[in-house]
Amino acid sequence: MKAVLPVLGAALVAVCLVSLGTGAVPIPPGRIVAILADRIGLDGVGAFEPYEAVTLTLVRAPRVVLGVLVGAALGVAGAALQGLFRNPLADPGLIGVSSGAALAALGVTLAGAGTLVGLAGPAALALGAFAGGLAAVVVVYRIATVDGETSMATMLLAGIAVNAVAAAATGLFVFGSDDQELRDFLFWTLGGLGGVTWPSIAAGAPLLLLGVVPAFFLARPLNALLLGSAEARHLGVDVDGVKRAVVTISAVTVGTAVALAGIIGFVGLVTPHVVRMVAGPDHRIVLPGAALLGAVLLVAADLASRTVVAPAELPVGVVTALVGGPFFLWLVVRDRRRGRLAGASSS
Amino acid sequence: MQPSLPRPQLLTPWIAVCAALAAPGAVGALVAQEAPEPRVVALGGSITETVFALGAEGLLVGVDQSSVFPEAARALPDVGYFRTLGAEGVLSLRPDLVLALEGSGPPAVLDQLRSAGVDVVTVPADEHPRAAIDKVRRVAAALGRAAEGEELAARIAVDLDRLAARDAEVGGGPRALFVWGRGGATLQVSGRGTAADAMLRLVGAVNAVDGFEGYKPLTPEAVVAARPDVLVVDAELLERLGGVEGLAADPALGATPAVRNGRVVPVEILGFIGFGPRTAETALRLRSALHDPRPSP
Amino acid sequence: MSPGLEGLRGRSVTVTAGGRRLVDGVDVHVQPGRVLSVVGPNGAGKSTLLRALSGECRCAGGDVTLEGRALSHWPLCDHARRRGVLTQHSSLTFDLSVEAVVELGRMPHAGVSDAPTDARVVSAALHRAGAHGLRGRSYPTLSGGERQRVHLARVLAQIWTTPPDGGRYLLLDEPLSAQDLGRQHEIMGLLRELAREGIGILVVGHDLNIAARYSDDLLVLARGRTVASGPPARVLTPEVVRAAFGLDTLVTTDPVGGTPLVLVTGPPSMTTTT
């Protein structure tokens with residue numbers, strides 16, 4: 001089923017082109033070509049309005065690029081965690097990354113006495129979210145590791161506990177907030193690709209790639225881990241090394257993604273699942289497949305979020321959850337009907 | 001005219017693509033296109049209100065979600081919540097001028113608007129009554145209606161002066177509690193240092209909950225303990241809670257002197273704490289409601 | 001045969017858990033070219049001993065060496081290329097094909113082996129494990145016995161080739177538990193064959209007579225301690241079986257192979273009264 005990857009690649013190119021060409025500001029394809037030609041130094045390809053050029057190159061294009069990067073990062077992190085936990089329902093949110101990142105971001109915001117979106121230094125928010133995600137994961141990982149052995153079950157439980165504590169601390173912050181701060185926070189937790197700029201992408205992309213690219217080298221060890229930790233170790237896999245790598249990768253990617261785009265649910269959960277249904281559980285396909293599908297989904301969701309209620313925007317997390325939630329339920333119900341363990345098998 | 005854009009400078013190979021796409025647009029070229037009537041997007045309820053008060057509503061091509069007054073503002077295209085804007089939505093309205101209440105954003109979006117040649121004017125959101133005067137002057141200046149602005153600002157100043165004068169006469173006003181939300185059994189109230197606190201002081205009342213700063217949910221017992229003589233309630237909320245009768249049915253609120261004596265004053269929230277053109281007028285009305293109690297039933 | 005090799009050796013292996021000694025001072029030696037069966041009642045520490053020998057759990061006392069080198073000093077892949085472990089339960093629930101499962105056995109050879117070689121080994125390993133007919137099937141659809149044979153093929157694929165500088169070893173935890181009578185003898189016959197090819201084999205089992213017929217050595221455990229060890233003919237006596245299992249038995253000679261044949265003479269309740 002290696003055909004899945006070229007198909008997804010083509011889908012990604014298509015959805016990016018559509019997304020670039022669509023939006024509240026109508027820009028005919030001819031003008032898009034003219035703008036791009038102008039940008040690479042070709043004059044006289046065609047006429048266009050300056051505001052169209054700005055919309056295309058400073059507003060839409062960064063969103064599409066960020067959608068690709070964040071979607072891919074969330075997909076890969078979800079796929080790697082599901083492989084590690086041998087649980088198709090695992091999700092970066094499960095081990096505390098998202099809530100830790102969210103809490104830290106909120107803390108940074110309040111400490112700066114600013115508001116979430118209007119913070120003086122968006123870099124501080126990003127760094128805070130990243131550090132918060134990493135800290136949550138380190139805590140969870142430490143709790144679950146005794147004598148160098150990491151128990152996945154303990155890690156899940158610790159993740160639930162860390163999530164609860166983070167949620168409570170977030171609640172404490174929210175307790176003293178006014179209406180406006182509450183709205184800011186709520187919007188932020190729903191995620192969004194709006195307001196992204198090339199400099200912020202330039203800052204975040206290396207971190208995202210640093211997480212995504214090494215993940216592909218974990219495909220075979222993750223396959224071995226499907227047999228169980230002991231079996232994988234007998235096959236010569238440095239199981240604890242793989243656990244550390246996956247956990248670090250998910251903290252780096254999800255923390256950075258949260259910092260750049262807020263909390264975007266369901267992409268990490270659904271994409272590996274779908275790829276596995278179509279192409280089987282081999283991580284050599286699931287990891288890149290989830291990256292591609294995650295990118296496709298997020299770019300498409302962002303397109304919907306900025307066109308459905310234009311000139312206003314829906315938070316992109318609302319779109320992904322609105323589409324992802326029912327779809328995931330359908331998957332679970334379908335698998336149950338067929339008398340299978342949800343997600344563990346495919347057609 | 002075909003605008004020629006400056007060539008990008010390649011910083012490092014890695015951001016070459018970013019740089020190519022991010023090269024600042026030819027802003028200067030665009031601002032030159034002068035329309036007799038600018039197309040304006042107003043961000044923030046008090047800004048929109050001010051534009052209307054200046055009689056410039058004809059220029060408005062869009063407002064944000066918080067622009068709920070006057071009624072006509074609700075009919076304009078809505079670009080979303082003013083703190084989480086999307087640049088393209090605003091640009092699609094082809095504005096020449098964006099009047100943004102301080103805090104509008106994200107900042108990157110405002111920058112993107114500026115890159116597209118839109119004149120973005122940020123108006124301070126200070127939370128004290130005199131800020132309304134400054135707000136009117138700035139909005140008027142941006143719209144090129146300085147004369148109308150001075151007139152309106154003068155009217156507001158006169159009202160505020162009247163309030164100040166009356167303040168000097170009266171001492172030890174009633175204890176007032178401003179209620180802007182309700183979740184479960186708790187009420188959302190405003191403590192010290194809030195916009196509502198400033199307004200209550202302006203009208204010569206004592207904030208019944210000045211024991212803490214900022215916004216807090218208040219438990220039923222604390223509501224009773226606050227002993228408010230007057231409840232100042234967001235009008236929409238009061239309607240949702242079933243009017244004064246609804247408040248009386250609540251065990252905690254029903255036990256307060258304010259509700260027992262029927263002293264509940266509904267306020268339109270944007271007029272009350274928006275610090276826009278209606279601030280002084282609202283304050284005057286509130287003041288008479290506070291100091292000239294209706295006869296007890 | 002690979003004489004001269006040190007083999008896989010455990011000296012006074014002790015494993016504790018929750019304050020209990022699951023394995024208590026057991027000596028064990030898996031020699032190239034020989035089949036060692038570990039038998040004993042439930043909870044005797046057989047699987048724990050196997051896990052200690054495979055490096056899966058740590059020894060609280062004693063040491064385990066593979067060809068003279070402590071397990072912890074072996075590079076993971078090097079270790080994995082010469083020692084396969086068949087565990088009792090695999091948690092695999094994902095929808096892998098049979099070939100994909102067996103191919104996982106080739107993991108330690110990544111970079112050393114190539115794809116055609118791997119494919120050839122996978123096919124041959126399936127053949128030897130009697131699982132060739134399962135090719136193309138999806139793992140979750142297999143029966144317990146079929147899954148067991150697929151995993152056997154996987155560990156065979158793992159140690160398919162002899163490393164230039166040492167021997168090969170197989171540690172099997174109850175490989176017969178889900179097999180029918182015919183398959184049981186087929187698999188034990190395969191283990192004998194593998195031993196002839198020089199592989200050192202440790203197999204945990206329950207059937208004393210099958211162990212006696214196919215093994216070079218027996219290790220009888222009870223409550224974590226060694227009850228007896230050595231060639232079946234010397235080890236399998238009514239006294240040893242009684243000490244380990246609390247059963248009265250008659251030990252005679254198997255007319256087929258000439259190995260000891262253990263016959264239980266009565267249920268445990270009767271043995272206590274006689």
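Sequence lines set the chain letters: A, B, ... in the order given, protein chains first and strands last, and positions in each chain run from 1. Quick caveat: nothing in here was measured; it's all calculated off a predicted structure.
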Engineer: For residues A/V54 and B/S115, report the shortest heavy-atom separation together with the two atoms involved.
Structural biologist: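 Scanning both residues completely, I find the closest heavy atoms to be CG2-O, 3.2 Å.
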Engineer: Would you mind checking which part of B/E213 comes under 4.5 Å of any heavy atom in chain A, side chain (CB onward), backbone (N, CA, C, O), both or neither?
Structural biologist: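 Neither part, no heavy atoms under 4.5 Å.
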Engineer: Specify which of B/V109, B/V79, B/L93 makes the most heavy-atom pairs with chain A at under 4.5 Å.
Structural biologist: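 Max contact count across the listed options: B/V79.
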Engineer: Which pair of heavy atoms, one from A/T197 and one from B/A108, lies closest together, and at what distance?
Structural biologist: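 Minimum heavy-atom separation between A/T197 and B/A108: CG2-CB, 3.4 Å.
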Engineer: Looking only at heavy atoms and a cut-off of under 4.5 Å, which of A/A312, A/P311, A/A34, A/P315 has the most pairs with chain B?
Structural biologist: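 Greatest number of close heavy-atom pairs with chain B: A/P311.
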Engineer: Examine distances only and state if a side-chain atom of B/E88 and a backbone atom of A/R60 form a donor-acceptor pair shorter than 3.5 Å.
Structural biologist: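 No, B/E88 side chain to A/R60 backbone: no donor-acceptor pair under 3.5 Å.
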Engineer: Which heavy atom of B/S92 sits nearest a heavy atom of A/A24, and at what distance?
Structural biologist: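 So the two residues come closest at CB-O, 3.2 Å.
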Engineer: Does A/L58 offer a backbone N or O that forms a donor-acceptor pair with the side chain of B/Q112 under 3.5 Å?
Structural biologist: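 Answer holds: yes.
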Engineer: Counting only heavy atoms from other residues, nucleotides and ligands, does the tally under 6.0 Å from CD of B/E239 exceed 12?
Structural biologist: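 Not more than 12 within 6.0 Å, no.
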Engineer: Flag the one option from B/G89, B/G181, B/G62 with the top tally of heavy-atom pairs under 4.5 Å to chain A.
Structural biologist: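 Among B/G89, B/G181, B/G62, the one with the most close pairs to chain A is B/G89.
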